[in-house]
Amino acid sequence: MLDLSNNSFSGPIPPSIFNISSLEALSLLGNSLSGPIPAVHLPNLVRVSLSLNRLVGPIPPSLRGCARLQLLSLSFNALSGVIPGELGDLARLEELYLNNNSLSGPIPHSIGNLTNLTVLNLRYNALRGDAIPASLAPLARLQYLSLRGNAFRAGPFPRAALNMSMLRTLDVSSLGLFGRLPADIGLHFPYMKEIYLDRNGFTGTIPSSLSNSSELSIVEISSNMFTGSVPGSLGELSRLRILNLAENRLGGGFGFLSPLANLPILEGLSMYSNPFDGILPDSLVGNLSMSLQKIWAWNCSIKGRIPATLLSNLSSLIYLDMSDNALTGRIPSEFKLLENLETLSLSGNQLEGPIPEELFQSMVNLGELYLDQNALSGPISSYIANLTGLQLISLGENALSSTIPPALWGLKELYSLNLSYNLLEGSLPKEVENLKALTEMDLSSNRLSGPLPSTLGNLQMLVNLNLFNNTFSGPIPDSFSPLISLNSLDLSSNSLSGGIPKSLTELQDLRFLNLSFNRLECEVPNNGTFANLTSQSLMGNLALCGGAAKLGLPPCANSSGTRSRKLLLKYILPAIIVCMTVLVIVLMVHMFLKKRKPAPGLNNSNDTLLSPIHQKFVSQQEIKRATNNFDEANLLGTGSFGSVYKGQLDDGTTVAVKVLNLGSAEGVTKRFEAECRVMRNVRHRNLVKIISSTSNEDFKALILQYMPNGSLHELLHASQDHRPGILERVSIVCDVAAALEYLHHGCSRPVVHCDVKPRNVLLDEDMVAHLGDFGISKLLVGDNKSATPTSTPGTIGYVAPEYGLSGKATIQGDVYSFGVLLLETFTGRKPTDEMITTGLSLRQWVNDAFPDAILEVVDPSLLETERTAVMNQRTCKPSFGACHRYWN
């Protein structure tokens, strides 16, 4: 046996490996091997796995010579061409995995000769022809069959599948199948455990014979066109865990819920987007399984009141969505019984009366609360302080009154707050700054008054702020500069006065700004977001002037000294900046060697995964189209956790697609969940933005913001046309410092990056630096301010020496890596250059040159840069303060 899995090997597979005639088992799984699969001459081979690599080309027909082969796994590569008919000669083959490639053509008829086959996985290719040709009918021993995500010919349910009576898993989702399911389908699959028929065009009623497949654990028939009532016989499936009926045309009321009370281990029930049209009588729902954890019942035409008995027996429920129905009456106080509930959505109904205090007193695990678009009234209870893990509150479009309870400003995990279109009064207190994780706040259309607190500027994660249609007065605070992620700001229809603060022009991500119908006066800036502003965004104010010509505002009176100030800004100030920057660079090398104070600790919190209803959905098929089936021409780079491809989504957005590429399914899931937990509350203009994520049983990917100017590593060591000047380098490291400062001190709990290096510093079209690969870092726990990773973090040369002693990654280790990055940026030397062979590190090399020979270690290209070129480089942005913090 030869097991070389998960070793980060690259390049082609040596042909000599396939000439070891005595070899019985070979695993090269989970590497970065490329090129075609060599001809195979292994007559004794029993098991071979080449999965999770970057192999291309056809499947070699020479595999037919492996007469003893029992397992063949080539999944998660970029193999193309047809499935060779010669595979049908492998009479002993039991497991065949060809999924997640770019194979085309039909399924060869010769596959039907593999009568010992138990597993056939062909999902996510470009196969055509019949989904299950009649020639596969002899595969009577088949237990697992997955064909989803191919381009098979549309047609009815394949009759050949009915001969495969040993099937445990049948996956024919997303194949364009249509027509009625065979009425006796359940009689043909007595051992079936999982059946996936979703995303097809099946019509007619759901066959009641499914109950004959008594072993069924998962029934997935969503996104079809099934009609009629749900058969009560499903209540006979005593082993059923997941039942998904969503997005069909099912009706007939909710009588089917009563038989489901017989399912003792039912965990998930999804029935949303069906016209069931009925009420939920107590007699139908009072005995649902205590094992139920998730119920999706939005847009089901549910009428009447929420039965109290629905809640009395569901002690294990963690997710309940009954939004967009026609529910009436009050919210039952019995919700207090759902102590494990994490998400509650009742939005878009006709509920009335106050929000019961019991909801806030007992549901201490609640993380997301959606009660918007109802007719709720009364105050928001101060008991909301009990929900310390609350991350999202949506109470908009109700008739809530009184003031916002002070306790709400203590919910430090909150990232989204919507109280819009209510009758709330009072002021916005300075304690709003406690909501450090807040990304969205909508308080529009209330009766709030008083001045805007300057502490709004401390909400550095804020992306959208809407205070439209209140009676706020006084000036706009000049403290918005730190809101570097702010994308939308609406302060219209208030009574704000004074001038427009210059801090608004410094918000580079600001795309929408509305200051109309206030009492603003004085000059309108013509830079930043104001350069693209329309007159509608400023109309209805007192005496604004200046600004861009298209605004149609009168010119402002000239003030004395304007010419002198312009000369100062144009000539004298740049010279001062250059001199000060050079001085700071010299001091930096000296200061970072001193012992740094440990970063202050932050409180622990419980993170949750990204909620799929709040992120843009990008399917795996769209990802394959975007990357041209993961064409090597689109490959941007590879790492220990996966490969990154350039792609273009269906809407024209250019993105980077990071595909997780690990050998263990359990490992993939854990790492992917870790990324999602970090991304949930991590947003900063100097971190690579995550657009979406895609996850299924065997494919997990992140859709990232595309960075057209590559990495800092390429800029320093590979660029021939452009060598960055001193100010451009200062600006880049300031961006990195700002990102690290946010990860260490700006999140709800500190985040260790674990791998700060130039390759992970990516540059956008404006040469603004973004720190990437923070999603696989470890969150700090307790007061230790460190995390013990499952594998060694970081890259040789950048890892702090003390890691070898403690075995823990720390924020101090990140700062050490940042220091190495600084030295590399301004010396142009890698920490792995030849000087390492002499036992001298980059840090020691620079230290030995300080202070007398410092010019000998500075990147020569910096010394050759002409003064005029330096003057044209970007200056350090507001993140300069972060630079100062790390240098001291």
Side-chain angles (χ1 to χ4, degrees), residues 354-355 357 359-361 363-372 376 378-396 398 400-468 470-474 476-477 479-480 482-483 485-486 489-491 494 600 602-608 680-681 683 742 745-749:
I355 303 173
E357 288 189 344
L359 188 148
F360 298 127
Q361 289 175 326
M363 299 172 64
V364 294
N365 291 308
L366 200 62
E368 298 184 355
L369 176 62
Y370 303 87
L371 299 178
D372 52 288
L376 301 173
I380 301 172
S381 173
S382 60
Y383 285 112
I384 198 171
N386 295 335
L387 308 184
T388 55
L390 205 57
Q391 297 178 326
L392 183 148
I393 305 174
S394 185
L395 305 179
N398 281 288
L400 299 173
S401 57
S402 189
T403 59
I404 301 174
L408 187 144
W409 310 118
L411 301 177
K412 296 183 179 180
E413 300 298 316
L414 205 62
Y415 72 85
S416 181
L417 173 63
N418 180 7
L419 303 177
S420 62
Y421 290 89
N422 280 288
L423 305 173
L424 298 171
E425 301 175 342
S427 60
L428 191 59
K430 64 181 181 64
E431 286 76 14
V432 67
E433 68 176 341
N434 295 331
L435 306 183
K436 300 293 187 184
L438 204 63
T439 62
E440 298 177 330
M441 182 163 68
D442 189 350
L443 305 179
S444 60
S445 292
N446 278 286
R447 299 173 179 176
L448 301 174
S449 59
L452 296 180
S454 60
T455 53
L456 283 171
N458 295 330
L459 303 179
Q460 296 187 21
M461 294 183 63
L462 207 58
V463 176
N464 299 312
L465 175 60
N466 190 349
L467 303 178
F468 157 77
N470 282 284
T471 57
F472 289 116
S473 58
I476 300 174
S479 59
F480 282 175
L483 303 183
S485 298
L486 196 63
L489 175 62
D490 193 341
L491 302 178
N494 281 283
L602 296 180
N603 294 332
N604 294 331
S605 64
N606 295 322
D607 293 312
T608 59
R680 177 60 181 271
N681 286 326
R683 280 191 185 177
Y742 167 73
H745 306 289
C747 297
S748 58
R749 65 172 90 171

Enquirer: Going from CG on L390 to OG on S416, what distance comes out if it is rounded to the nearest 0.5 angstrom?
Expert: 10.0 Å
Enquirer: List the steps and the verdict of side chain to side chain contact (heavy atoms under 4.5 Å, CB included) for L400 and L419.
Expert: CA-CA 9 Å; L400 299 173; L419 303 177; 5.6 Å; no
Enquirer: If we check side-chain contact (heavy atoms from CB on, under 4.5 Å) with S444, which of these qualifies: D490, L467, N466?
Expert: N466
Enquirer: Of all heavy-atom pairs between A407 and S382, which one has the smallest distance, and what is that distance?
Expert: CB-O, 3.5 Å
Enquirer: Within the side chain of S420, is there an N or O that forms a donor-acceptor pair under 3.5 Å with the backbone of G396?
Expert: no
Enquirer: Just wondering, do L489 and L491 contact through their side chains at under 4.5 Å, heavy atoms?
Expert: yes
Enquirer: From L486 CG over to L456 CG, what is the distance, rounded to the nearest 0.5 angstrom?
Expert: 10.0 Å
Enquirer: Are any of the side-chain heavy atoms of D442 and N464 separated by less than 4.5 Å?
Expert: no
Enquirer: A side-chain contact here means heavy atoms from C-beta on lying under 4.5 Å apart; do M441 and V432 qualify?
Expert: yes
Enquirer: Looking only at non-hydrogen atoms, find the nearest pair between S427 and P429 and report the distance.
Expert: O-CD, 3.5 Å
Enquirer: State, to 0.1 Å, how close S479 and S454 come at their nearest heavy-atom pair, and which atoms those are.
Expert: OG-O, 2.7 Å
Enquirer: Could you pull out the closest heavy-atom pair between L483 and G457, with the gap in Å?
Expert: CD2-O, 3.7 Å
Enquirer: Between CH2 of W409 and CG of L414, what distance do you get to the nearest 0.5 Å?
Expert: 9.0 Å
Enquirer: Can you measure from CG (L366) to CD (Q391) and round to the nearest 0.5 angstrom?
Expert: 10.0 Å
Enquirer: Minimum heavy-atom separation for F360 and N386, please, with both atom names.
Expert: O-CB, 3.3 Å
Enquirer: Find the distance between OG1 (T388) and CD (E413) and round it off to the nearest 0.5 Å.
Expert: 8.0 Å
Enquirer: Could you check whether any side-chain N or O of T471 sits under 3.5 Å from a backbone N or O of L448, counting only pairs where one atom can act as donor and the other as acceptor?
Expert: yes
Enquirer: Are D372 and Y421 side-chain neighbours, meaning at least one heavy-atom pair lies under 4.5 Å?
Expert: no
Enquirer: Are any non-hydrogen side-chain atoms of L438 and M461 less than 4.5 angstrom apart?
Expert: no
Enquirer: Which value, rounded to the nearest 0.5 Å, describes the distance between I355 atom CD1 and E357 atom CD?
Expert: 10.5 Å
Enquirer: Donor-acceptor pair, distance only, cut-off 3.5 Å: does the side chain of N494 make one with the backbone of N470?
Expert: yes
Enquirer: Any idea which heavy atoms bring I384 and L411 closest together, and the distance?
Expert: O-CD2, 3.7 Å
Enquirer: Looking at side-chain heavy atoms only, is the closest gap between I393 and L387 below 4.5 Å?
Expert: no
Enquirer: So, the side chain of N422 versus the backbone of N446: is there a donor-acceptor pair under 3.5 Å, distance only?
Expert: no
